[in-house]
*Asks:* 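Quick one: structure below, then a few questions.
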Amino acid sequence: MFPSAFALSLLLIAVSSNLAMAIKKEKRIPQTLSRGWGDEITWVQTYEEGLYQAKKSNKPLMVIHHLEDCQYCQALKKAFAENEEIQEMAQNNFVMLNLMHETTDKNLSPDGQYVPRIMFVDPSLTVRADITGRYSNRLYTYEPQDIPFLIENMKKALRLIQTEL
């Protein structure tokens with residue numbers, strides 16, 4: 001009788017430890033390409049993929065350069081993710097990419113490699129140097145209070161596709 005009780009105890013311990021591990025795995029939030037910028041948005045993984053998707057879908061590519069340990073990036077990311085209009089436009093009208101490293105395309109850093117920096121590339125694969133933020137010393141940066149300005153620039157990127165392409 002003792003060996004079967006011992007075997008049953010071992011079986012219960014094995015099952016409970018596997019169950020505990022499964023519960024731990026379920027609680028963990030999956031890492032997505034959004035990196036906190038908007039989990040409902042479909043993000044591309046690389047700049048090259050973004051260019052391909054922009055051309056194929058005839059949508060502008062929005063490139064967000066940021067760093068995880070940058071307080072300005074974190075503040076902008078929070079405002080960006082909380083704004084329903086931005087989230088809706090980003091999901092439906094743009095190819096979206098956020099990068100934590102620089103690309104080899106020097107057109108994406110015409111006035112330097114700073115963060116946060118948001119730039120638009122139209123479906124003809126032209127970096128839109130004419131869609132800039134409010135600051136003359138960092139043309140493509142936005143701050144949390146600039147969200148309305150960013151929304152207008154997103155709308156401008158969409159209008160330019162209809163009028164120019």
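No hydrogens, no waters, no symmetry mates; every other heavy atom, side chains included, goes into these values.
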*Asks:* Would you name the heavy atoms of G38 and A81 that are closest together and state the gap between them?
*Replies:* N-CB, 4.5 Å

*Asks:* I'd like to know if the side chain of K77 and the backbone of R35 have a donor-acceptor N/O pair within less than 3.5 Å.
*Replies:* yes

*Asks:* Can you list everything that forms a salt bridge (Lys or Arg N to Asp or Glu O under 4.0 Å) with K78? Sequence neighbours excluded, please.
*Replies:* E82

*Asks:* In Å and rounded to the nearest 0.5 Å, what is the CZ to CZ distance from F94 to F120?
*Replies:* 5.5 Å

*Asks:* Can you hop from I41 to V63 via hydrophobic side chains spaced under 4.5 Å?
*Replies:* no

*Asks:* Between the side chain of N98 and the main-chain N/O of L33, is any donor-acceptor distance below 3.5 Å?
*Replies:* yes

*Asks:* Among all residues two or more places apart in sequence or in another chain, which pass the salt bridge (Lys or Arg N to Asp or Glu O under 4.0 Å) test with E102?
*Replies:* R117

*Asks:* Just by distance, do the side chain of E49 and the backbone of Q45 share a donor-acceptor pair under 3.5 Å?
*Replies:* yes

*Asks:* What residues form a side chain to side chain contact (heavy atoms under 4.5 Å, CB included) with D69, not counting sequence neighbours?
*Replies:* L67

*Asks:* Which residue pairs pass the ring pair (Phe, Tyr, Trp, His ring centres under 6.0 Å) test when at least one of the two sits in residues 48-89, sequence neighbours left out?
*Replies:* W37-H66, W37-F80

*Asks:* Salt bridge (Lys or Arg N to Asp or Glu O under 4.0 Å) with E143: which residues, sequence neighbours excluded?
*Replies:* none

*Asks:* Would you confirm whether T141, through its side chain, and P116, through its main-chain N or O, come within 3.5 Å as a donor-acceptor pair?
*Replies:* yes

*Asks:* Please answer whether the main-chain N or O of T42 pairs with a side-chain N or O of Q91 as donor and acceptor at a distance below 3.5 Å.
*Replies:* yes

*Asks:* Are any of the side-chain heavy atoms of Q53 and L61 separated by less than 4.5 Å?
*Replies:* no

*Asks:* Which atoms form the tightest heavy-atom contact between L97 and V44, and what is the distance?
*Replies:* CD1-O, 3.4 Å

*Asks:* Decide yes or no for I118 and L76: does some side-chain heavy atom of the first lie under 4.5 Å from some side-chain heavy atom of the second?
*Replies:* yes

*Asks:* Is K155 close to I151 at the side-chain level, that is, under 4.5 Å between some pair of heavy atoms?
*Replies:* yes

*Asks:* Is a donor on one side and an acceptor on the other found under 3.5 Å between the side chain of N83 and the backbone of A79?
*Replies:* no

*Asks:* For a quick test of your reading: what N or O donor-acceptor pairs under 3.5 Å do the side chains of residues 107-115 make, sequence neighbours left out?
*Replies:*
unit_1 : atom_1 : unit_2 : atom_2 : d
N107   : ND2    : D105   : OD1    : 3.1
D111   : OD1    : Y114   : OH     : 3.1
D111   : OD2    : Y114   : OH     : 3.0
D111   : OD2    : L139   : N      : 2.8
Y114   : OH     : L139   : N      : 3.2
Y114   : OH     : Y140   : N      : 2.9

*Asks:* Do N58 and I161 touch side chain to side chain, with heavy atoms closer than 4.5 Å?
*Replies:* yes

